[in-house]
*Asks:* 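Take this structure, written in structure tokens, and hold onto it; I'll ask about it next.
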Amino acid sequence: MNIDGQAWRTIWLEPDGRSVGVIDQTLLPHRFTTRQLSSCDAAAEAIRTMVVRGAPLIGVTGAYGLMLALQSDPSDTALAQAYDQLNATRPTAVNLRWALQRVRQRVQALPERERAEVARLEAAAIAEEDVAMCAAIGDHGLALFQALAAGRALERQGRPFQVLTHCNAGWLATVDWGTALAPIYKAHRAGLDLHVWVDETRPRNQGASLTAFELGREGVPHTVIVDNAGGHLMQHGLVDAVIVGTDRTTRSGDVCNKIGTYLKALAAHDNGVPFYVALPGSTIDWSLRDGLAEIPIEARSGSEVTQISGRLLNTGAIAAAGESAAMESATVALTPEGSEGFNPAFDVTPARLVTALITERGVAPASEAGLVGLYGDLGGAGG
Ligand code: MRU
């Protein structure tokens, strides 16, 4: 997608053919910087610290992380260690395990001298497939949005088709296009008059910082709202559809996504607003049925709740007071000293609250029958 007219992807092989480039998402939206990852340790650290994030992108970074590990040591022991190290970085998004297993399976029977190169090819294939899957999700979602917008023409009374989204499931969370944002980009490019309500998505604010950045650079009309505003907007008929991504989807259609997604689904259900979840097949965990009981929820530091970071607006005043004017970003305390924060990073939305799943293979009900209908040739046949 575009940043100031230039097309970018979130991850690429550097010209040296050995290291991997990524966009540092911890500095967005205020600073656009890229980073070069040259070792498995660096790839693991980038995932852990959320330099890269979003389920599909974590998977691709993990795949390249195995390549980086095998470049310096192609032995079985190094492969096993790198797999465990990368797999332990973030527990919820199943794409990471899926991509690591795929690369490991591809290389483990090969002679050591061939492993790094084959891992590179496999990681590149996973990245290309992710782009194709996200573009296809966009096409299926576009058709859905066009039909919904036409069906709600009377209620809309000339106002844009309004979509609410939570967290960032855009191109920054994938390799390109995104999952939940792909239909939005395709609809905008197709000329649908649309406007996006962007949940800020506390505590890390991926909506306010990343989704708003993406939509702004693509020229999609949008407004950032506090997480608590969505229900109110729905009650007043100002949301035509909700669309979010998912980090892990069970075979029964339960979806696990950024904390707060469940509350949006409840509000949507109460107000008759359709609630869609967009996902590539790599996000389905065919081994699980009960999302609430079985999906591991990442516990992040309470300091993400008790503190907040941003760009200082009053640097002039600070400089006048004798502080360093170069200091443009800051982390500030929100809570009294001594108050603890609790920070589960994801929640589970039961399938019954999901209107439909939008996948690269088409739109299906959020149910085992719906998923098996689309993916019977993959894990869907077993279990
Ligand atoms: O903690 P994050 O920023 O990695 O969480 C990302 C999300 O929750 C996304 O909605 C999800 O990964 C789907 S991305 C296409």
Side-chain angles (χ1 to χ4, degrees), residues 1 9-11 22-26 28 46-62 89-99 127 130-131 133-138 141 164-185 198-214 227 242-249 255-265 275-285 291 295-301 304-305 343-349 354 357-360:
M1 303 298 284
R9 284 185 174 183
T10 53
I11 189 163
V22 295
I23 297 168
D24 186 344
Q25 301 193 22
T26 61
L28 289 172
I47 300 172
R48 204 183 54 74
T49 57
M50 296 179 68
V51 164
V52 292
R53 30 65 55 201
L57 179 57
I58 293 171
V60 176
T61 309
T89 49
R90 294 196 70 191
T92 301
V94 77
N95 305 57
L96 178 59
R97 186 185 75 193
W98 171 85
D130 189 65
V131 176
M133 287 194 287
C134 288
I137 289 169
L164 183 145
T165 191
H166 191 69
C167 195
N168 173 262
W171 70 270
L172 288 168
T174 63
V175 178
D176 206 352
W177 286 109
T179 56
L181 295 195
I184 289 170
Y185 290 129
V198 179
D199 278 355
E200 59 174 347
T201 318
R202 284 279 292 145
R204 287 188 66 97
N205 297 307
Q206 290 95 326
S209 56
L210 305 177
T211 299
F213 173 81
E214 284 191 23
D227 293 325
V242 178
I243 187 164
V244 298
T246 164
D247 285 76
R248 196 184 291 230
T249 309
V255 293
C256 183
N257 191 50
K258 181 54 55 193
I259 193 80
T261 301
Y262 169 58
L263 289 177
K264 292 291 134 43
F275 183 91
Y276 297 105
V277 180
L279 63 137
S282 52
T283 302
I284 304 168
D285 186 343
I295 297 178
I297 302 294
E298 177 179 8
R300 295 189 62 83
S301 167
E304 292 183 350
V305 178
N343 189 11
F346 297 92
D347 61 24
V348 173
T349 299
V354 178
L357 302 172
I358 306 173
T359 79
E360 77 279 12

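All ligand and atom numbering here is 1-based and tracks the order in the structure.
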*Asks:* Ignoring angles and geometry beyond distance, decide whether Ala169 reaches within less than 3.5 Å of ligand 1 through its nitrogen or oxygen atoms.
*Replies:*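 Among all N and O atoms of Ala169, none is under 3.5 Å from an N or O of ligand 1.
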
*Asks:* Could you find the nearest protein heavy atom to atom 15 (C) of ligand 1 and give me its residue, atom name and distance?
*Replies:*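 Looking at atom 15 (C) of ligand 1, the protein heavy atom closest to it is Thr179 OG1, 3.0 Å.
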
*Asks:* Is Ala55 touching ligand 1 with its side chain, its backbone, both, or neither, if touching means heavy atoms under 4.0 Å apart?
*Replies:*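 For Ala55, the contact with ligand 1 is made by both the backbone and the side chain.
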
*Asks:* Counting from 1, what ligand 1 atoms have a heavy atom of Gln206 closer than 4.0 Å?
*Replies:*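 Heavy-atom distances to Gln206 below 4.0 Å select 1 (O), 2 (P), 3 (O).
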
*Asks:* Considering residues at least two apart in sequence or located in another chain, which fulfil the side chain to side chain contact (heavy atoms under 4.5 Å, CB included) criterion with Ser301?
*Replies:*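 Partners of Ser301 under the side chain to side chain contact (heavy atoms under 4.5 Å, CB included) test: Ser303.
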
*Asks:* Consider every N or O of Ile58 and every N or O of ligand 1, then say whether any pair is closer than 3.5 Å.
*Replies:*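 By distance alone, the answer is no.
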
*Asks:* Below 3.5 angstrom, do we get any N/O pair linking Asn257 and ligand 1?
*Replies:*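 Between Asn257 and ligand 1 (N or O atoms, distance only) the closest approach is under 3.5 Å.
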
*Asks:* Could you check whether any heavy atom of Thr92 sits closer than 4.0 Å to an atom of ligand 1, since that is the contact criterion I want to use?
*Replies:*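 Heavy atoms of Thr92 never come under 4.0 Å of ligand 1.
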
*Asks:* Around Phe213, counting heavy atoms of other residues, nucleotides and ligands shown, do more than 12 lie under 6.0 Å from its CZ?
*Replies:*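 Counting other residues, nucleotides and ligands, CZ of Phe213 exceeds 12 neighbours.
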
*Asks:* Below a 4.0 angstrom heavy-atom separation, can you tell me which part of Thr283, side chain or backbone, both or neither, approaches ligand 1?
*Replies:*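 Neither; nothing of Thr283 gets under 4.0 Å from ligand 1.
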
*Asks:* Quick one: does any side-chain atom of Asp176 pair with a main-chain N or O of Trp171 as donor and acceptor, under 3.5 Å?
*Replies:*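 Here the side-chain-to-backbone pair does not exist.
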
*Asks:* Using the side-chain hydrogen bond (donor to acceptor under 3.5 Å, both in side chains) rule, pick out the option among Thr283, Asp247, Thr174 that qualifies with Asn95.
*Replies:*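 Exactly one pass, corresponding to Thr283.
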
*Asks:* Should the pair Arg202-Glu200 be classified as a salt bridge under the 4.0 Å nitrogen-to-oxygen rule?
*Replies:*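 Judged by the 4.0 Å cut-off on N to carboxylate O distance, Arg202 and Glu200 do not form a salt bridge.
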
*Asks:* Does His166 use its side chain to pair, donor to acceptor, with the backbone of Gly245 at less than 3.5 Å?
*Replies:*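 A pair under 3.5 Å: no.
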
*Asks:* What's the shortest distance from atom 11 (C) of ligand 1 to any protein heavy atom, and which residue and atom give it?
*Replies:*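 Of the protein heavy atoms, Asp247 OD1, 3.0 Å lies nearest.
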
*Asks:* So that I can tick it off, tell me whether Asp285 and Arg97 are bridged by a salt bridge, with the cut-off set at under 4.0 angstrom between side-chain N and carboxylate O.
*Replies:*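 Yes, Arg97 and Asp285 are salt-bridged.
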
*Asks:* So is Pro56 close enough to ligand 1, meaning a heavy atom under 4.0 angstrom away?
*Replies:*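 It does; at least one heavy atom falls under 4.0 Å.
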
*Asks:* Counting heavy atoms only, which of Arg204, Arg53, His166 is nearest atom 6 (C) of ligand 1?
*Replies:*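 Nearest option to atom 6 (C) of ligand 1, by heavy atoms: Arg53.
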
*Asks:* Record the part of Val244 in heavy-atom contact with ligand 1 below 4.0 Å; permitted values are side chain, backbone, both and neither.
*Replies:*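 No part of Val244 is near ligand 1 at this cut-off.
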
*Asks:* Nearest non-hydrogen contact with atom 14 (S) of ligand 1 belongs to which option: Ala345, Ala278, Pro280, Ala173?
*Replies:*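 Shortest heavy-atom distance from atom 14 (S) of ligand 1: Ala173.
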
*Asks:* Based purely on interatomic distance, does Lys258 place a nitrogen or oxygen under 3.5 Å from a nitrogen or oxygen of ligand 1?
*Replies:*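 Between Lys258 and ligand 1 (N or O atoms, distance only) the closest approach is under 3.5 Å.
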
*Asks:* Quick one: does Ala93 get a heavy atom under 4.0 Å from ligand 1?
*Replies:*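 Outside the 4.0 Å threshold, so no.
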
*Asks:* Going by the order shown, which atoms of ligand 1 are within less than 4.0 Å of some heavy atom of Met50?
*Replies:*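 Listed by number with element, the hits are 1 (O), 2 (P), 3 (O).
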
*Asks:* Indicate yes or no for a side-chain donor-acceptor contact from Thr359 to the backbone of Pro280 under 3.5 Å, with no hydrogens or angles considered.
*Replies:*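 No, the answer is negative, given that no donor and acceptor are paired below the 3.5 Å cut-off.
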
*Asks:* Tell me yes or no: between the side chains of Asp24 and Thr26, is some donor less than 3.5 Å from an acceptor?
*Replies:*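 Judged by distance alone, the side chains do pair up.
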
*Asks:* As an exercise, identify every atom of ligand 1 less than 4.0 angstrom from a heavy atom of Cys167.
*Replies:*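 Answer for ligand 1: 5 (O), 6 (C), 7 (C), 8 (O).
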
*Asks:* I'd like to check which ligand 1 atoms, numbered from 1 as shown, lie under 4.0 Å from a non-hydrogen atom of Arg90.
*Replies:*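 The list of qualifying atoms is 1 (O), 2 (P), 4 (O).
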
*Asks:* Only one of Gln25, Arg204, Glu214, Gln206 passes side-chain hydrogen bond (donor to acceptor under 3.5 Å, both in side chains) with Asn168; say which it is.
*Replies:*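 Testing Asn168 for a side-chain hydrogen bond (donor to acceptor under 3.5 Å, both in side chains) against Gln25, Arg204, Glu214, Gln206 leaves exactly one candidate, Glu214.
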
*Asks:* Could you check whether any side-chain N or O of Thr165 sits under 3.5 Å from a backbone N or O of Val244, counting only pairs where one atom can act as donor and the other as acceptor?
*Replies:*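 Judged by distance alone, no pair lies under 3.5 Å.
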
